[in-house]
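Please read the structure below before turning to the comments.
Numbering of ligands and ligand atoms starts at 1, following listing order. Numbers for residues simply follow the sequence, beginning at 1. None of these values were measured; they are calculated from a predicted model.
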Amino acid sequence: MKAAALVEVRNLRKHYPVRGGVFGRQRDTVRAVEDVSFLLHAGETLGLVGESGCGKSTLGRTMMRLEEPTSGDVLFEGRNLASASAAELFTLRRDVQMIFQDPYSSLNPRITIGEAVREPLDIHRLGSAADRRARVDELFEAVGLSPTVQERYPHEFSGGQRQRVGIARGLALRPRVIVADEPVSALDVSVQGQVLNLLVQLQRDLGLTYLFISHDLSVVEYLSDRVAVMYLGRIVEIGKRTSIFAAPAHPYTRALLESVPIADPRKRRDRVPLQGETPSAVHPPSGCAFHPRCPLAVAVCRGEVPALESVRTDGDDGHLTACHRHDEI
Ligand code: SF4
C-alpha cells in the first residue's frame with residue numbers, strides 16, 4: 001500500500017516581472033517555476049535536483065510562502081499554504097519548516113545560539129519559560145551539541161556546528177515536514193557526512209518528511225527515497241531513487257548522472273558531457289525546453305511541451321518523465 005500524501009503541490013507557478021525603462025514598466029517575465037505538481041508522502045525523503053538556476057530553491061521558497069506563488073496550490077493535509085491568510089500561515093508554519101543553505105546568514109549574529117533556537121517557541125508562545133528552556137536543551141542534545149554552549153554567538157562555531165544550530169531551530173516547533181535547501185553544500189566535505197547522518201537519524205527518530213533540495217547527485221542518492229529532476233522551472237522526471245539512478249528515462253537526467261565524477265577508474269563510463277548552458281528562464285526554448293541541448297531532439301520536441309507520463313506502460317511504480325521519446329530510450 002502506498003503511503004499517504006502529506007503534501008500535494010498542484011500546478012505551482014512562480015513568475016517574476018522584469019521591469020525596465022524610465023517608467024519601470026514590465027518588459028518581460030522570468031518563469032522560475034512553471035506548472036509544477038508532485039506529492040510528498042509521509043515519512044519519505046524526496047530529493048529535488050537540477051543545475052544551478054533551474055528553479056529548485058525558488059520552488060522550495062514558494063512552497064513555504066517565503067515567495068508569493070503566482071498561481072497553484074500547496075496542500076498540507078488539505079490546508080492550502082498557497083492561499084492561507086497570515087493567521088493560517090502562522091499556524092501552518094508549525095508543521096512545515098525550512099532549513100537553509102548558509103547557516104551563518106540565517107542566524108542573527110547579535111543573538112546567542114540558545115536564543116536563536118528558542119525564538120520560534122517565543123514567537124508561537126509555546127509553554128512556560130521553564131518549558132522552553134527544557135525544550136531548547138532537548139533540541140541541542142538532539143543535534144549533537146552540548147546545552148552548555150547556548151550562551152555563545154554564531155561566529156564562535158564552525159560551519160557544521162552552525163548548521164546543527166539551524167537544524168535545532170528548524171525542529172523547535174516539532175514540524176512534520178522539512179524543506180531543506182542545499183543544507184550541506186556550504187560545508188566542508190568532511191562534515192557534510194556528519195550533518196547528513198544527523199538528518200537521517202532525526203527523520204528516523206521523529207518521523208519527519210523531507211523535501212531535500214540539492215545540486216549534488218551523490219548526496220541526493222544517499223538520502224532520498226524518491227527523486228525529482230528539475231529543468232528550467234519544470235519537473236522533467238520523478239520516481240523512486242532506485243529507478244531514476246538505475247534507469248533514467250529523460251535525456252537530461254542521463255546527462256546529469258553521466259556528469260557525476262567516479263573515483264574508481266575501473267568503473268568510469270564513457271562520458272557524454274552535458275552540452276551548452278541552461279537557457280534563460282525569461283525566453284525558454286519552445287516545446288521541450290531541453291531541446292537545444294538534447295542529442296535526441298526531433299521536430300515535435302521544438303513544437304510541443306511534453307507532459308509528465310508514466311515510463312512503464314502499467315504506470316505502477318510512479319516513475320514519470322516528460323520526454324516525447326522516452327519509450328525509445
Ligand atoms: Fe530530448 Fe525531445 Fe525528449 Fe526533450 S522531448 S528530452 S528534446 S527527446
Salt bridge between Arg79 and Asp95, side-chain N to carboxylate O under 4.0 Å? yes
Give every protein N, O or S atom lying under 2.8 Å from atom 4 (Fe) of ligand 1, naming each by residue and atom. Cys288 SG
Inspect the contact between Glu221 and Arg241 and indicate whether a charged nitrogen and a carboxylate oxygen are less than 4.0 angstrom apart. no
Is the distance between the ring centroids of Tyr231 and His250 less than 6.0 Å? no
Does Arg226 come within less than 4.0 Å of Glu44, counting only side-chain N to carboxylate O? yes
Pair Glu34 + Lys14: basic N to acidic O under 4.0 Å: no
Is a salt bridge present between Glu51 and Arg293, judged by a nitrogen-to-oxygen distance below 4.0 Å? yes
